[in-house]
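Computed from a predicted model, the values in this text were never measured in an experiment.
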Amino acid sequence: MRVRTKWWAPAALAAVGAVLLTGCQSAPGGSEGEGRPGDLDAPVSPAPVRTSGYGAVFLAVDECSSFGRTSFTEVSCAGERAAARVVARHDGTARDGPRCPATTDFVLHIGEQRPSSDEDGDGAVPQGYACMRHLQPPHPGDPGGGGGPRTIVGDCVYQLGDGKVRETACDGSGEEEPEFEVTRAVAARPDCPASTALYVRLGGTAPVGCARPV
């Protein structure tokens with residue numbers, strides 16, 4: 001089964017398409033703006049496919065995708081071509097559905113496909129999204145990793161201006177040096193420690209990230 005993906009340039013400042021739960025961030029007292037664009041989200045429009053392959057559902061939980069940025073194929077996780085594993089799979093759109101696990105490396109958005117016929121007689125692929133994690137390091141979704149569809153505790157960011165920030169690797173290996181680290185996730189800004197210099201919108205049950213200078 002082969003699907004097409006489209007990767008957006010990391011330099012893009014505006015969120016394009018369905019951005020997965022990236023936080024809006026702002027400095028204390030400033031206006032909140034869009035945070036890191038969803039450049040690791042990969043919209044997918046599958047061609048008519050068989051569903052028997054490695055499972056009845058295309059890219060179900062614990063199934064794997066192959067290497068490649070322009071296309072992904074579902075493959076055996078034990079094979080040499082396996083690159084990333086599905087850690088969560090949901091129908092519908094990421095905008096309206098459950099959030100991906102915190103350490104997700106990237107997200108595949110799967111377009112609905114209902115071919116009239118195939119070798120099995122049932123090649124339907126419902127609209128959905130798969131939360132993916134690389135089988136081998138590096139893991140941009142890990143705390144401080146500098147990427148992933150979510151900003152979490154342990155991540156670092158730098159300022160873009162106008163109250164906007166973008167995530168970067170905490171160890172300085174990214175294109176930009178880290179300026180702030182998210183040290184705590186709380187329900188409201190007053191719950192942040194006094195050392196907080198930046199507030200980051202994380203979403204979820206603890207939607208405010210408390211960030212300190214690094």
Side-chain angles (χ1 to χ4, degrees), residues 1-10 12 15-22 36-150 152 155 167 169 173-174:
M1 179 182 306
R2 185 171 296 274
V3 294
R4 294 291 176 183
T5 64
K6 183 175 181 181
W7 295 81
W8 299 100
V16 180
V19 178
L20 265 202
L21 301 170
T22 52
R36 162 174 46 77
D39 54 308
L40 292 178
D41 293 349
V44 179
S45 298
V49 291
R50 295 182 58 186
T51 58
S52 59
Y54 293 97
V57 177
F58 174 64
L59 287 181
V61 173
D62 286 334
E63 292 179 346
C64 292
S65 65
S66 63
F67 290 92
R69 289 193 173 187
T70 59
S71 65
F72 284 87
T73 303
E74 185 178 305
V75 297
S76 169
C77 291
E80 295 181 353
R81 298 176 60 206
R85 186 186 302 272
V86 181
V87 295
R89 175 74 155 83
H90 304 288
D91 290 338
T93 65
R95 184 187 302 273
D96 302 321
R99 308 178 78 200
C100 281
T103 56
T104 298
D105 287 330
F106 64 97
V107 178
L108 292 178
H109 297 274
I110 303 169
E112 181 178 21
Q113 189 65 228
R114 297 187 179 277
S116 57
S117 64
D118 64 10
E119 296 178 28
D120 296 328
D122 181 12
V125 177
Q127 181 182 25
Y129 56 101
C131 309
M132 310 295 295
R133 184 166 171 85
H134 298 303
L135 295 179
Q136 301 293 333
H139 293 289
D142 281 352
R150 292 181 53 181
I152 59 177
D155 280 340
E167 190 177 329
S173 61

So CG of Asp96 and CG of Asp91: to nearest 0.5 Å the spacing works out to 13.0 Å

One should read off an interatomic distance between Ile152 CD1 and Glu167 CD, to the nearest 0.5 angstrom, of 7.5 Å

Note, Ser65 side chain near Leu59 side chain (heavy atom, < 4.5 Å):
yes

Test item: His90 and Cys100 side chains (from C-beta on) under 4.5 Å apart, heavy atoms: no

Looking at Arg133 and Asp142, is there a salt bridge between them, counting it only when a charged N and a carboxylate O are closer than 4.0 Å? yes

Looking at Gly144, is its backbone amide N or carbonyl O close enough to the side chain of Asp155 to form a donor-acceptor pair, meaning the two atoms are under 3.5 Å apart?
yes

NE2 of His109 to OH of Tyr129, rounded to nearest 0.5 Å, is 9.0 Å

To the nearest 0.5 Å, atom SG of Cys77 lies from atom CZ of Arg85 at 4.0 Å

Smallest heavy-atom separation, Ser76 atom then Ala82 atom, equals O-CB, 3.5 Å

Can you tell me if Asp105 uses its side chain to pair, donor with acceptor, with the backbone of Gly141 under 3.5 Å?
yes

For Val86 and Ala130 the tightest heavy-atom approach is CG1-CB, 4.2 Å

To the nearest 0.5 Å, atom CE of Met132 lies from atom CD of Glu63 at 9.5 Å

In short, Pro101 meets Arg150 closest at the heavy-atom pair C-NH1, 3.7 Å

The reported gap from CZ in Arg89 to CD1 in Ile110 (rounded to nearest 0.5 angstrom) is 3.5 Å

